[in-house]
There are 4 protein chains.
Amino acid sequence: MSLASAREETSRSEKRRQELVAAAFDQIAEHGFEGLRTRDVADAVGVNIATLHYYFPTKEALIGGVLEHAMARFRSTLAPHGSPSTQLLNHLRSVRKLMADEPELGIVMGELALRSARDRSIEKIFNQTRDAWQSAMKGLLRRGVREGNLREELDSDAVATLVIAVLTSLTIPPLRDSPRGDQALRQLERWLGIGGR
Amino acid sequence: MSLASAREETSRSEKRRQELVAAAFDQIAEHGFEGLRTRDVADAVGVNIATLHYYFPTKEALIGGVLEHAMARFRSTLAPHGSPSTQLLNHLRSVRKLMADEPELGIVMGELALRSARDRSIEKIFNQTRDAWQSAMKGLLRRGVREGNLREELDSDAVATLVIAVLTSLTIPPLRDSPRGDQALRQLERWLGIGGR
Amino acid sequence: MSLASAREETSRSEKRRQELVAAAFDQIAEHGFEGLRTRDVADAVGVNIATLHYYFPTKEALIGGVLEHAMARFRSTLAPHGSPSTQLLNHLRSVRKLMADEPELGIVMGELALRSARDRSIEKIFNQTRDAWQSAMKGLLRRGVREGNLREELDSDAVATLVIAVLTSLTIPPLRDSPRGDQALRQLERWLGIGGR
Amino acid sequence: MSLASAREETSRSEKRRQELVAAAFDQIAEHGFEGLRTRDVADAVGVNIATLHYYFPTKEALIGGVLEHAMARFRSTLAPHGSPSTQLLNHLRSVRKLMADEPELGIVMGELALRSARDRSIEKIFNQTRDAWQSAMKGLLRRGVREGNLREELDSDAVATLVIAVLTSLTIPPLRDSPRGDQALRQLERWLGIGGR
DNA sequence: AATGAATGAGAGTTCATTCAT
DNA sequence: AATGAATGAACTCTCATTCAT
């Protein structure tokens, strides 16, 4: 087998893994963990249930794949550029946009968040992501104050926490779909002194 | 059977219903909807599984009971008195206290919130509660502004939404247990101009 | 419910347990442990597979029931009366008869014996039975020598072991069905000086 | 391809077959037929499961290989030399030694013996081996009597059967590991008038 | 000669629900 | 009002076997 076809082989296999993860993701978004059935996942991809177990030995392993996928999808929103206040504004709006465009991601994150209370491996990854988010946010706020883009009196740590709290609440159904999410964010922007109007 | 014993009979029956609901509530808090088993609920109360079905014909009916119970428990926190800004402060703190003292309620509310995306009957009750909360909050803020306890420029509707968003985020694991919940709330109080310090 | 019907209830339940054990016994006799399927056992009794699990939570528990049953069936052969040499002769012949009349018991004992090498709980019960058998046999031989029914020079312990070895070998297919089993036993009787001819 | 390399190819292929048979043998010894998994066999040899099926089209075929292997291993013990009584003694002791040194062989023979009740092809080979063994033993005894090494009154056929029965019982767990196996054999030697103390 | 990927059939086990008592 | 017994339908996971490469 040539190197090229070996690479092809690898990617074909990896593709199947991702198809399965994507299908599982969709199932969770639609029916919750409560309604996640390995057979439905396999059916959605069009493979036998045994094939699913060939890639993911247990349901738990499949969920692990979904966790990774969701986290990666979410983290990709955190890449910032521009002045601190612009970055902050962009971040708030891109998270909001992400939740509006892909409500499934919000649902799955919510399901994972709840599950993190019962599943150590999920909890660990969740905490890591949250800490990274928190310190990125804090650094952004601090730089904003230093560069004069944000109000002086602002306590970067507490505000970072509050901002994350508000963004997190966007994943919860009552706020996700309604225009209230936008409303809450705009008020936050006002208090932060960014975003105009 | 005398009227008295009939009433007794009824209340004894009602007590059993509530025991079952409480046990189901605990199960959901500990294992999520994913891990809710009617048999475990019956065992926890010490009755036969068939007895549970005598009181709640289906699992859904039992979950309905839990929903009612959780909502009632939560709404009881919303009864305020004192000046608007004091009321607001009290409300923020009592919700925070409730989440700290009874984390199970937060978990179950979270589980129900997620389920509301899939279950019309839950969604309906959730929306009602949210709307009642929102308009109570809005009224409070408006009165606060009118009476001079709160800043003039405050847009009562947007702020009400934001406050509810922050309070809601307290039910989510990453914020529930850590001191960050308090941190976020204190920052919110500062922005609202209540709570001193 | 009256005491009588309670007793009836108990025995009806016990009866079902025994039906299931008997069916499992038959399956093992016919197909070995290798071919033991809980579904077939349930079908043989005419109940749903879930009913089987109502009585025996796991397959292992069912096998435990079969073990008990087989052992009890076997031990019932050990009840002796008459003079020692008569008892000994009776014992040899009744074990042989048991194996000839109920070859299934021999097969199942063989399957259990092999499994005892891998399963501590089976091993334990097997060893107990063997020890009880060994000491009963030894006592019988010793009394036989003392009462003059058996040769003086006989080493009761070694002979007891040998007798048990020969009887045990009767459960193994090559000796079980053929007339060779009888032949071996008759030779043993001759050496023991019992059984005439 | 030259003749030499063709032969090499064949023998390399034969070697792989034997590796697989040996691995299957070990699996049966450790887990019984009940726990024999073709995948484990392939893994033990370090080849893909599909490779196993290249050499043995079905699991039955693999078991056939194990049967042959076990029988060959066992028959090799039956080659005797010396005077009849010495040969007999050697035979008893070498069988005992074989069982003590390689208990796996005993286990696998036991598993095969049980399976012979259900599998015609195993039964056939088992009967052949047993018959060969029986007539070799009988001839040995007859010659022993003729040459004055063994007691006159001895019925060679019955005694041969008995000896084989005792040796067979050595493969069964309760007698295999304990010192009782030796005890039984020594008593047998005493009755045969060979081996002395 | 060897492999990765895939599968059909079936394994033991679970669970909400029912029903006679 | 309460129970023991029973069940249908499903669930996750397993295994011998196949096939394209």
Side-chain angles (χ1 to χ4, degrees), chain A residues 1-2 5-6 8-10 12-13 15-17 35-42 45-62, chain B residues 9-10 12-13 16-17 35-42 45-62, chain C residues 1-2 5-6 8-10 12-13 15-17 35-42 45-62, chain D residues 9-10 12-13 16-17 35-42 45-62:
Chain A
M1 195 191 290
S2 72
S5 72
E8 223 176 72
E9 204 62 32
T10 309
R12 200 179 300 164
S13 173
K15 192 186 155 209
R16 182 118 293 179
R17 288 181 72 87
L36 178 61
R37 301 288 173 262
T38 52
R39 225 162 208 105
D40 294 343
V41 172
V45 174
V47 299
N48 188 280
I49 175 67
T51 300
L52 183 150
H53 277 92
Y54 178 76
Y55 288 93
F56 298 93
T58 65
K59 191 184 182 181
E60 223 48 42
L62 178 62
Chain B
E9 207 60 34
T10 309
R12 201 182 294 165
S13 176
R16 184 122 287 184
R17 284 181 69 88
L36 177 62
R37 303 284 173 267
T38 52
R39 215 159 217 114
D40 294 343
V41 172
V45 172
V47 300
N48 188 279
I49 175 66
T51 301
L52 183 148
H53 274 89
Y54 176 78
Y55 289 95
F56 297 94
T58 67
K59 194 183 183 182
E60 282 316 301
L62 179 62
Chain C
M1 194 191 290
S2 72
S5 72
E8 223 176 73
E9 203 62 33
T10 309
R12 200 180 298 166
S13 173
K15 193 187 156 211
R16 182 119 292 179
R17 287 182 71 86
L36 177 62
R37 301 287 173 261
T38 52
R39 242 170 195 96
D40 294 342
V41 172
V45 174
V47 298
N48 187 280
I49 176 64
T51 301
L52 184 150
H53 277 92
Y54 178 76
Y55 289 94
F56 298 94
T58 65
K59 190 184 183 181
E60 224 48 42
L62 178 62
Chain D
E9 207 61 34
T10 310
R12 200 181 297 163
S13 176
R16 183 122 287 183
R17 287 181 67 87
L36 177 62
R37 303 283 173 268
T38 52
R39 216 159 215 112
D40 294 343
V41 172
V45 172
V47 299
N48 187 281
I49 176 64
T51 302
L52 184 149
H53 274 90
Y54 175 79
Y55 289 95
F56 298 93
T58 65
K59 193 183 183 181
E60 282 317 301
L62 179 61

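Lettering of chains follows the sequences in order, A, B, ..., and the numbering in each one begins at 1. Computed from heavy atoms alone, side chains included, the values below leave out hydrogens, waters and symmetry copies.
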Closer to the 5' end of DNA chain E via nearest nucleotide, is it D:L52 or A:G46? D:L52
So, is [X] near the phosphate of [N], with a side-chain N or O under 4.0 Å from OP1 or OP2?
{"X": "D:Y54", "N": "F:dT18", "value": "no"}
{"X": "C:Y55", "N": "F:dG4", "value": "no"}
{"X": "C:T51", "N": "F:dA5", "value": "no"}
{"X": "A:R16", "N": "E:dA6", "value": "yes"}

Search all heavy atoms of A:L52 against all heavy atoms of A:T38 and return the closest pair with its distance.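 Shortest heavy-atom separation between A:L52 and A:T38 comes out as CD1-O, 3.6 Å.
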For C:H53 and C:I49: C-alpha separation, side-chain torsions, deciding distance, then whether side-chain contact (heavy atoms from CB on, under 4.5 Å) applies. CA-CA 7 Å; C:H53 277 92; C:I49 176 64; 4.0 Å; yes
What does the B/S/- profile of nucleotides 8-13 of chain F look like, 5' to 3', with a 4.0 Å heavy-atom cutoff to protein? B-BSBB
Specify the separation, in whole Å, of atom CG of C:L62 and atom P of E:dA11. 15 Å
Length of the CZ-P vector between A:R17 and E:dA6, whole Å: 12 Å
Which ranges of DNA chain E pair up as stems, where a stem means three or more consecutive Watson-Crick or G-U pairs with both distances under 3.5 Å?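 When the pairs of DNA chain E are grouped into runs of at least three, the stems are E:2-21 with F:2-21.
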Would you give me the side-chain donor-acceptor pairs under 3.5 Å for residues 54-62 of chain C, sequence neighbours excluded?
residue, atom, partner, partner atom, Å
C:T58, OG1, C:E60, N, 3.4
C:T58, OG1, C:A61, N, 3.1
C:K59, NZ, C:L36, O, 3.0
C:E60, OE2, C:R115, NH1, 3.1

